[in-house]
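These notes concern the structure reproduced below.
Start at 1 and go down the list; that is how both ligands and their atoms are numbered. Side chains included, hydrogens not; waters and symmetry mates left out as well; all remaining heavy atoms used.
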Amino acid sequence: MEKALQKAKSYILEQEGTVVTDYKPYLHFSARIGWINDPNGFCFDGENYHLFYQYYPYDSKWGPMHWGHASSKDLLSWTHLPVALAPSEPYDQSGIFSGTAILDKNKMSLYYTGHVDVNGVVEQCQCLATSFDKIKFTKHDKNPLITKQSMPEDSVFEDFRDPKILIRKGRYLMLTGSRTKEHLGQILIHSSTDGLSFKYENRMVFPRKYGDVVECPDLLTIDGQDVLIFSTQKAELNEHVQNSFSVFAWIGSFDDRSFVFNKQNEQVLDYGFDFYAPETSFNGHTHSLIAWMNSWERDQITDLLKHGWAGSMSIPRTLSLKSNVLHQALPQSLDENLKRTSYHEKLWIHQNEMLEYSLQKISLIKFNIDLSDEMLFKLEVFKTGDESFDIIFDGKKSCVTIDRSKAKYKIKSKLNENQITRKMMIGRKLECAMLVDHSCIELIVNGFSMSSLYYGSIDQSKLCLSSTNQIQVMNFSISD
Ligand code: FRU
């Protein structure tokens with residue numbers, strides 16, 4: 001593997017100066033050069049967060065996957081570290097696919113999927129690489145640890161990936177995403193006492209509406225409640241599930257004896273356009289979630305523009321459970337990193353009036369509103385000329401709609417998906433936070449998120465507020 005890592009290192013050093021940074025986010029993680037997708041091995045070692053990620057340094061398109069690596073103390077400023085894993089062995093020759101990390105004192109273990117594609121014949125297996133300095137990783141002699149032999153017979157052997165490794169009740173559990181021959185998504189569960197020899201225990205097979213394959217499963221416990229998070233391809237679309245590549249969260253309890261998840265509640269994890277394959281980590285106090293802020297089968301604007309990079313992560317969000325519902329919040333460290341430049345305890349917007357603020361490329365906007373029945377309250381973000389990213393709060397329909405149809409560069413999907421609007425049902429009393437960072441816009445309303453990419457002109461732009469009826473916006477602040 002050493003040769004492949006050296007090659008990546010030299011390429012990144014030599015070529016990163018060629019990257020065009022117009023749309024490159026600053027607070028959202030992106031690679032120095034090249035393509036990224038899923039976050040991998042997201043963990044906290046007591047001092048630093050580690051973020052690995054699906055990485056192809058050599059192009060702004062997906063290619064044979066490596067694991068890139070970065071670390072951070074505050075989840076906002078990241079130090080790029082050497083590429084951690086590259087394809088090198090017969091069992092991972094076509095790519096190092098997604099997985100997770102586990103820490104035991106000084107030892108960091110990365111469980112990943114070895115992807116092999118020989119003339120279109122695909123096989124996936126689960127592998128391990130370890131490190132004592134968290135920089136240089138060695139692939140384990142016992143690889144591959146789990147192969148298609150330990151999948152239920154009616155599984156599609158090509159789809160067996162994205163191990164989530166966790167320790168529960170004193171033993172290792174591994175959850176992997178997969179597919180049945182009937183094209184139903186499934187999560188396979190293996191257990192182990194030493195983290196090396198795994199035994200197949202059970203599986204969860206999902207009804208058709210969840211799509212035809214599960215990817216990147218995650219299982220965590222918040223305040224004694226278990227939360228299962230999984231991403232799916234080709235989910236059936238409806239009013240809430242608006243992306244073919246969607247992410248679901250189940251809240252309930254996982255039975256460690258029968259390996260069954262008893263679901264009490266379910267939710268879509270993000271209502272925006274661009275959010276996939278999230279992963280969580282726990283620092284002893286707080287659960288954080290980070291996702292690839294993008295999706296498959298879409299135009300990648302920075303690739304089409306030949307900017308030399310593509311893909312970024314969401315801001316890591318803080319998770320909490322309230323009455324069986326998963327809430328997300330922007331991390332507190334954001335307030336410490338940005339300076340408040342505008343604040344109104346009470347801001348009146350009169351009927352047909354428009355308030356304008358100049359908007360920096362990185363800004364955090366917060367406010368509270370009480371929506372009334374007939375009211376349409378609108379925010380135009382990055383407004384310049386005819387362009388803007390619109391957010392419309394609709395009192396009558398009790399929803400917020402985001403609309404990116406007025407972007408300079410419009411993202412087209414190869415799937416039958418609307419790429420213009422996304423909608424989220426809301427209540428009346430709203431606490432809103434919006435983080436804009438170049439091409440990334442994240443809106444959080446009462447703990448529910450909408451994540452979107454937006455490519456407008458890079459000139460000076462504005463934030464405009466208007467409403468069909470008089471409205472009082474409370475605790476309105478802009479920080480940049
Ligand atoms: C999800 C995914 C994973 C896979 C990886 C490949 O976005 O398809 O299932 O491991 O991306 O890059």
| said: Please report whether ligand 1 has a polar contact with Q233, defined as an N or O pair separated by less than 3.5 Å (distance criterion only). | reply: no
| query | In ligand 1, which numbered atoms sit nearer than 4.0 Å to a non-hydrogen atom of Y276? | reply | 1 (C), 7 (O)
| Counting only heavy atoms, which portion of N37 has something under 4.0 Å from ligand 1: side chain, backbone, both, or neither? | side chain
| message | Taking the cut-offs as 6.0 angstrom to the six-membered ring centre and 45 degrees off its axis, would you call R168 and F254 a cation-pi pair? | response | no
| message | Aromatic contact between F261 and F230, with the criterion being ring centroids under 6.0 Å apart: yes or no? | response | no
| Going by the order shown, which atoms of ligand 1 are within less than 4.0 Å of some heavy atom of D162? | 3 (C), 4 (C), 9 (O), 10 (O)
| Which heavy-atom pair separates F160 from F157 by the least distance, and what is that distance? | CB-O, 4.2 Å
| Test salt bridge (Lys or Arg N to Asp or Glu O under 4.0 Å) applied to D45 and K107, K105, K134, the passing residue | K134
| E215-ligand 1 polar pair, N/O distance under 3.5 Å | yes
| request: Could you find the nearest protein heavy atom to atom 6 (C) of ligand 1 and give me its residue, atom name and distance? | output: Q54 OE1, 3.2 Å
| request: Check the angle between the aromatic planes of H240 and Y271 and answer parallel, tilted or perpendicular using the 30° and 60° thresholds. | output: perpendicular
| field | Exceeds 12 heavy-atom contacts within 6.0 angstrom, atom CD of E89 | value | yes
| query | What residue among Q54, M293, E279 forms side chain to side chain contact (heavy atoms under 4.5 Å, CB included) with P39? | reply | E279
| Identity and distance of the protein heavy atom lying nearest atom 2 (C) of ligand 1 | D38 OD2, 3.3 Å
| Close approach, W62 and ligand 1, non-hydrogen under 4.0 angstrom | yes
| said: List ligand 1 atoms under 4.0 Å from M65, heavy atoms only on the residue side. | reply: 12 (O)
